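For ligands, and for the atoms within them, numbers begin at 1 and follow the listed sequence. Bear in mind that the values here come from a model prediction, so they are computed numbers and not experimental data.
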Amino acid sequence: MAKVFDAAEVAKHNTRESCWVVLYGKVYDARMPLRNMIQFTPPGILEEELKPEQCIGTVDVGTLPKEEAPVEAQEPAQGPPPMENLLNLDEIEEVATKQVTKKAWAYYWSASDDKFSKKFNNEAYRSILLRPRVFRDCERCDFSSTVLGHKLGMPIYVSPAAMARLGHPAGEAGIAEACRSFGAMQIISNNASMTPEQIVKDAAPDQVFGWQLYVQIERKKSAAMLARINKLKAIKFIVLTLDAPVPGKREDDERAGMAGAPAPGAVKEADRSKGTPDVSEASGGVGKTLFAGTDPTLTWRETLPWLAKHTDLPVVLKGLQTHEDAYLASLHAPQVKGIILSNHGGRALDTAPPAVHTLLEIRKYCPEVFDKVEVYVDGGIRRGTDIVKALCLGAKAVGIGRAALWGLGAGGVDGVRRVLQILSDESQACMRLLGVETVDALGPQYINTRMTEQQVFDGPSGLESLRRDFRARL
Ligand code: FMN
């Protein structure tokens, strides 16, 4: 008969030398540091790693620790208010903060170092002013749009974000369900907490998804994932993320990861020889745990040809932060069909520029990029006016990262629907008040970017040498 272990007994085996994990009630001798991965890994992946012969028994479920309390819950967490009572994204974030666990909150909310880029992502939109026209019939507003030739109900999409199930059991499939209600696009994270097959299972026939890739050091793992993605009709393009080749320093996430781990230095020498927990690993936070295995050696020359061997899907490059890189990306059309200007929500390099600055840079130095690739932006979106300003500057679509996760945390599928509804309503109100009927008709004549332009990069552009090098290679 299978041996039954107490959770406390399993918990003692938390070292590199002796590492037990519990999966669906079974105890495995993992012989490697898989513990942190368990709650973050999509179903199916751990099963592939763990062999049946590693199963050493079952866990007594009555001895398992109870669920961690939400961040602000003094008393048992009350249910959220009706979603329709929440009027803006700040209110949704506030409710989500009370609903989700500390770990989820810290992972979602965190950004690098002093979180300057995270804050500035939104502030940058505040210093762009709108230029409304009057005496225009604004009865109608058509907010539909296209991405790579696919029709969308709105030019707002959900950015790839890992671990949606940390915030709500509906997870990424719940986000997909909400997007379906609006004809909105969703980009699925490489580190989603559900498999891509599960996420697109109930997709509408015309629903549009992208799939985001973090190329793994073990390239065959990424190749195998791409082979699975190539079979999913709902997934129309691959998003290759480039702005986080090494993890940013996210202290809120690390701090939450430290809860329960021994403080550095608290481990006695005598315990070390027995194989004590690896503090740096235990305290790395969700972000660093997920990052393990990501290849930091990607280059223009090597990686795009490698990708072309494994998929015929169009490629969108995510995380571009300078006009030089936007220009280089445009030279890789037609394989590269789009670029996402993003600083990873301020989670990679703090003080990196907001997407809206990069948009202005491209307009100033190499506007031809807009003719070669579609340009999308994300980061700091809180209001419909932010979305309309990005569209005026030439963005084809605008992504929301945390806002969708907070919506999910606040009210599951209905919470994400509420986020999309608020942003759609606000954007359409803004278009009407500007006197613009369609997304295509938006343009730079409707905004005043003078204040922002003072902060946009004005130094020596690397463009001339790039143009020369490219001509030399022809
Ligand atoms: N970007 C990726 O390319 N892949 C990811 O797996 C990923 N995970 C994320 C997880 C979280 C919790 C957050 C907040 C962002 C993540 N991002 C990831 C970055 C988002 O795609 C997006 O660039 C960013 O969230 C936009 O900023 P915003 O949160 O201010 O909207």
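Arg219 CZ: more than 12 foreign heavy atoms inside a 6.0 Å radius. Residue-environment remark: NZ (Lys364) exceeds the threshold of 12 foreign heavy atoms within 6.0 Å. Residue Lys396 places its NZ atom among more than 12 non-hydrogen atoms of other residues, nucleotides or ligands, all under 6.0 Å distant. Remark: Asp312 CG is loosely packed, at most 12 non-hydrogen atoms of other residues, nucleotides or ligands lying under 6.0 Å away.
Remark: ligand 1 and Ile400 share no N or O pair separated by less than 3.5 Å (distance only, no angle test).
Residue Asp378 places a heavy atom less than 4.0 Å from ligand 1. Residue Trp109 places every heavy atom at 4.0 Å or more from ligand 1. In this structure, Ala403 has no heavy atom closer than 4.0 Å to ligand 1. Using a 4.0 Å cutoff on heavy atoms, Asn121 does not count as a contact of ligand 1.
Looking at Leu213 and Leu307, their side chains come closer than 4.5 Å, going by heavy atoms from C-beta outward.
Close contacts between ligand 1 and Gly345 involve ligand atoms 23 (O), 24 (C), 26 (C), 27 (O) [criterion: under 4.0 Å to a heavy atom]. Per-residue contacts place Ser342 under 4.0 angstrom from the following atoms of ligand 1 (heavy atoms of the residue considered): 23 (O). Of all atoms in ligand 1, numbered sequentially from 1 with element shown, those under 4.0 Å from a heavy atom of Leu405 are 12 (C). Ligand-side atoms of ligand 1 in range of Thr241: 2 (C), 3 (O), range being under 4.0 angstrom from any heavy atom. For ligand 1 and Tyr108, the ligand atoms under 4.0 Å from any heavy atom of the residue are 12 (C), 14 (C).
The heavy atom nearest to atom 30 (O) of ligand 1, out of those in Ala355, Ala162, Gly380, is found in Gly380. Considering each of Arg347, Arg402, His344, Arg382, the one bringing a non-hydrogen atom nearest atom 19 (C) of ligand 1 is His344. Relative to atom 17 (N) of ligand 1, the option among Gly167, Gly346, Pro160, Gly399 with the closest non-hydrogen atom is Pro160. Nearest-heavy-atom check against atom 9 (C) of ligand 1 across Ala161, Ser159, Ala244 picks out Ala161. Proximity annotation for atom 1 (N) of ligand 1: of Lys119, Lys118, Gln212, Lys318, Lys318 comes nearest, heavy atoms only.
Using modelled atom types, one finds a donor on one side chain and an acceptor on the other under 3.5 Å when comparing Thr297 with Asp295. With hydrogens and angles left out, the side-chain atoms of Ser193 and Glu172 include a donor and acceptor closer than 3.5 Å. Side-chain contact check for Thr438 and Asp142: no donor-acceptor pair (N or O, by modelled atom type) lies under 3.5 Å.
The protein heavy-atom contact nearest to atom 6 (O) of ligand 1 is Ser189 OG, 2.7 Å. The protein non-hydrogen atom at the shortest distance from atom 5 (C) of ligand 1 is Tyr214 OH, 3.3 Å. Here the protein heavy atom with the shortest distance to atom 31 (O) of ligand 1 is Gly401 N, 2.9 Å.
Of all heavy-atom pairs spanning Arg347 and Arg250, the tightest one is O-NE, 3.0 Å.
A cation-pi geometry, defined here as NZ or CZ lying under 6.0 Å from the six-membered ring centre and within 45° of its normal, does not hold between Arg402 and Trp109.
Between Tyr365 and His323, the ring planes are parallel. Angles under 30° get that label, and only those over 60° would be called perpendicular.
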